[in-house]
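Below is one structure, written out as structure tokens; comments come after it.
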Number of protein chains: 2
Amino acid sequence: MSKLVPPHGGKGLVCCLLHGSELESEVEKAASLKKVSISGRENGDLIMMGIGGFSPLNGFMNRADWKSVCENMQVSDGTFWPVPVTLSCTKDDADSITTGDEIALENADGKVMATMKVTEKYEMTEADKRWECEKIFLGLGEDSVGGKFWEVAMDDHPGVQMVMGQKAFNLAGPVKVLSEGDFPEKFPGVYMTPKQARAKFDEKGWSKVAALQLRNPMHRSHEYLAKIAIEVCDGVFIHSLVGSLKPGDIPADVRVKCIDTLIEHYFCKDNVVQGGYPLDMRYAGPREGLLHATFRQNYGVNRMLIGRDHAGVGDFYGMFEAQDIFNTIPKPEGAGKALLCQPLNIDWTFYCYKCDGMASLRTCNHGKDDRVILSGTKLRKALSEGAEVPDHFGRDEVLTLLRAYYEGLTEKVEVKMQKAASGDEIK
Amino acid sequence: MSKLVPPHGGKGLVCCLLHGSELESEVEKAASLKKVSISGRENGDLIMMGIGGFSPLNGFMNRADWKSVCENMQVSDGTFWPVPVTLSCTKDDADSITTGDEIALENADGKVMATMKVTEKYEMTEADKRWECEKIFLGLGEDSVGGKFWEVAMDDHPGVQMVMGQKAFNLAGPVKVLSEGDFPEKFPGVYMTPKQARAKFDEKGWSKVAALQLRNPMHRSHEYLAKIAIEVCDGVFIHSLVGSLKPGDIPADVRVKCIDTLIEHYFCKDNVVQGGYPLDMRYAGPREGLLHATFRQNYGVNRMLIGRDHAGVGDFYGMFEAQDIFNTIPKPEGAGKALLCQPLNIDWTFYCYKCDGMASLRTCNHGKDDRVILSGTKLRKALSEGAEVPDHFGRDEVLTLLRAYYEGLTEKVEVKMQKAASGDEIK
């Protein structure tokens with residue numbers, strides 16, 4: 001009998017992925033259906049709906065759900081949900097589709113990922129998108145960039161850019177998912193469905209499970225967060241985004257190796273599980289923090305670690321806005337409607353020489369000069385330039401891996417430049 | 001509106017301490033009442049009943065409560081209570097007292113601490129005391145010293161010795177407490193009633209408050225426990241026993257100074273409150289751990305830090321028996337009857353060179369040689385012999401205070417010896 005938190009929504013794990021003969025016949029059918037192209041974000045969302053990570057969602061949202069989610073963080077039946085899960089298409093596509101049609105959803109690699117029975121199509125005007133952005137990307141609703149949100153966001157906010165770049169219509173309806181993409185092959189043992197993660201936690205007898213969200217290499221601050229969670233929970237799920245990020249970010253396979261080496265050298269294996277999930281970053285700031293907790297509940301997690309600038313985007317959000325937003329969410333009544341995964345908030349953490357170890361602004365009263373503080377951005381810069389990284393900031397084993405990655409990058413660039421210089425261009 | 005956990009028992013803070021004219025007239029009346037001597041333990045229990053620390057108890061237990069507490073950890077109305085709170089007297093005293101009498105309770109300093117209306121007197125035979133000891137001092141009920149509990153306990157278990165040394169009769173009844181003893185004067189600002197502690201926590205807006213129990217000087221392991229609690233709760237209450245301990249233990253005023261200095265140099269003052277409580281140690285092992293949580297609830301605490309060998313006595317209990325016992329306690333239904341203060345369990349902690357900071361057996365996978373492990377007992381030995389203390393074990397500021405205390409002790413002994421040698425004996 002599992003002691004884990006139940007999946008969100010009160011309907012168990014809602015998995016839209018087909019198997020066996022059902023899958024075969026649906027793939028066959030899909031070949032003759034009208035194809036609609038999907039974005040990377042939609043591709044990830046589909047896989048999550050396939051494996052139950054987005055339970056209780058079983059398809060893309062209609063206008064009522066979209067509106068209610070933006071406005072109240074609830075789908076129209078009242079169930080908590082923090083961000084729109086919508087599918088956009090061109091006006092041409094929309095014109096050629098009638099409600100009731102079945103369509104095939106094809107990703108950027110030309111792979112049909114799912115079929116969908118269209119139950120609604122609705123226009124998304126510029127004003128609609130802008131309204132969505134204001135609801136979703138303003139965090140706690142304050143304009144955190146000095147009243148210049150729109151001026152700045154269109155240039156610098158990848159989440160806003162993504163939504164504003166979506167097509168003119170949305171299509172809604174339940175999906176049948178045909179594939180998990182290349183995640184199972186690319187990240188064997190790390191890419192994990194909620195069912196697989198729950199089985200691992202059950203095997204360990206866990207009931208209080210914390211999750212650490214990662215999209216950057218795991219440094220000592222992350223390690224410290226994970227270890228606080230281990231001290232006070234049954235174990236921690238180190239759960240990385242293995243979908244797409246911004247250009248310049250460190251790819252998932254390198255980050256996964258860093259975590260492997262960190263677990264090997266600095267953790268007790270019994271108390272930690274590494275996993276990866278197939279989403280792209282939405283860059284939705286505090287609302288994305290809520291999404292992280294929501295889908296983690298489906299993975300069996302009931303405590304979501306939220307640190308400094310969780311899911312942050314540039315300077316758009318307050319350092320702890322992703323913690324504060326948990327105090328503002330609706331708590332709908334009715335079986336499974338409210339979010340059960342609670343935040344496990346941790347303050348700004350760092351190594352402090354006087355404390356003689358890791359500390360946070362809640363525990364350390366020393367001065368700035370006693371602390372080793374380095375942002376991920378500055379670290380990436382130091383590593384990519386081959387510069388020294390301050391003592392106590394990272395673990396040597398991890399820094400070695402990251403240096404090798406950056407050296408590889410430099411070599412590739414140098415080879416490219418040499419080849420370009422010698423006229424022997426890469427085809 | 002306080003956000004703190006309500007006092008145990010569902011009746012608010014039950015405070016038996018009298019004030020003003022009520023106190024004056026009771027003191028006057030007490031002068032003419034029969035005096036019964038009380039032990040240090042009973043003295044502490046009385047003060048706790050005075051200030052609401054033992055809510056909902058309002059007096060010493062009758063036979064039914066005593067039996068039910070020993071057997072089921074519940075007083076006879078079903079309310080959780082982990083250890084007997086009884087008052088013993090000689091057969092002569094018992095013979096001269098009739099049920100319904102009022103008596104005055106006088107401590108070892110000759111001070112009348114309370115009056116009591118005797119509602120019951122009951123014999124405590126050797127067999128009764130032995131039965132109590134087996135129920136209370138066997139921890140989880142296993143004989144943890146290789147089947148030789150009784151052989152070993154009578155020599156080495158101060159808790160068992162105390163109970164077996166109690167007098168032949170117990171007296172039960174509600175008390176009127178006349179004094180807090182010398183605790184308010186001896187520990188100004190540190191000795192604190194539950195009402196005062198709650199007011200401090202309310203002022204800070206706390207709702208999730210952890211308590212750290214201390215009866216030994218606060219070292220880095222204790223600091224680490226407190227800091228984990230600070231990371232995941234609103235704040236920590238560093239709450240020391242300021243009653244009596246075994247000979248050879250470090251006195252409360254020295255320990256309080258160590259905590260002061262630690263808070264000053266290594267904590268953020270906003271997140272920590274120091275307090276002292278007037279009990280003697282019962283040396284009741286795991287059951288005492290439960291008592292710690294029970295009276296902490298009255299102080300407004302809802303998470304009780306339980307580390308390695310909490311309230312341990314020699315080798316009598318398993319390292320984590322005081323954590324495990326929380327899983328076995330009754331959860332009576334009915335308003336206030338169940339314990340609401342939950343354990344915050346932390347594994348064995350230490351400094352680890354490879355971890356480059358504090359760690360526990362749940363987070364560190366390194367070897368014995370990488371770790372700085374030192375028991376309080378060994379530290380006391382090192383300090384009293386003026387020997388070096390390993391790096392990272394303690395904070396310099398604290399070790400300096402402890403060294404000064406031990407040097408003072410040595411000087412006193414030397415002065416005594418010199419005076420004895422010169423024939424000039426101390427009167």
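Below, chain A is the first sequence line, B the second, and so on; all start at residue 1. Because only heavy atoms are used, hydrogens play no part in the values below, and waters and symmetry mates are left out as well, while side chains stay in.
For chain B, the nearby part of L344(A) is the side chain; its heavy atoms alone come within less than 4.5 Å. When heavy atoms are compared at a cutoff of 4.5 Å, N271(B) approaches chain A solely by way of its side chain, counted from C-beta outward. Contact annotation for L305(A): neither backbone nor side-chain heavy atoms come within less than 4.5 Å of a heavy atom of chain B. Heavy atoms closer than 4.5 Å to chain A are found nowhere in K269(B), neither backbone nor side chain.
In this structure, CZ in R362(A) is found 8.5 Å from SG in C233(B), a value given to the nearest 0.5 Å. To the nearest 0.5 angstrom, N365(B) atom CG is 10.5 Å from I263(A) atom CD1. With rounding to the nearest 0.5 angstrom, the CZ atom of F267(B) is 11.5 Å from the SG atom of C364(A). Taking CD1 of I230(B) as the reference point, atom CG of D347(A) lies at 11.5 Å (rounded to 0.5 Å).
In this structure, the side chain of H265(B) does not engage the main chain of H366(A) through any donor-acceptor pair within 3.5 Å.
Counting heavy-atom neighbours within 6.0 Å of K204(A) NZ, excluding the residue itself, gives a total above 12. For CG of D369(A), the number of neighbouring non-hydrogen atoms (other residues, nucleotides, ligands) closer than 6.0 Å is 12 at most. Within 6.0 Å of atom NZ in K208(B), more than 12 heavy atoms from other residues, nucleotides or ligands are found, so the atom counts as buried in its surroundings. Crowding of K331(A) atom NZ: a count of heavy atoms from other residues, nucleotides or ligands under 6.0 Å exceeding 12.
Closest non-hydrogen pair, E231(B) versus Y224(A), comes out as OE2-OH, 3.2 Å. In terms of heavy-atom proximity, R395(B) sits nearest to C355(A) at NH2-O, 2.9 Å. Closest non-hydrogen pair, K354(B) versus Y266(A), comes out as O-CE2, 3.5 Å.
Most heavy-atom pairs under 4.5 Å with chain A: of the set S360(B), G357(B), C352(B), this distinction falls to S360(B). Contact count versus chain A (heavy atoms, under 4.5 Å) is highest, among H392(B), E264(B), R220(B), for R220(B).
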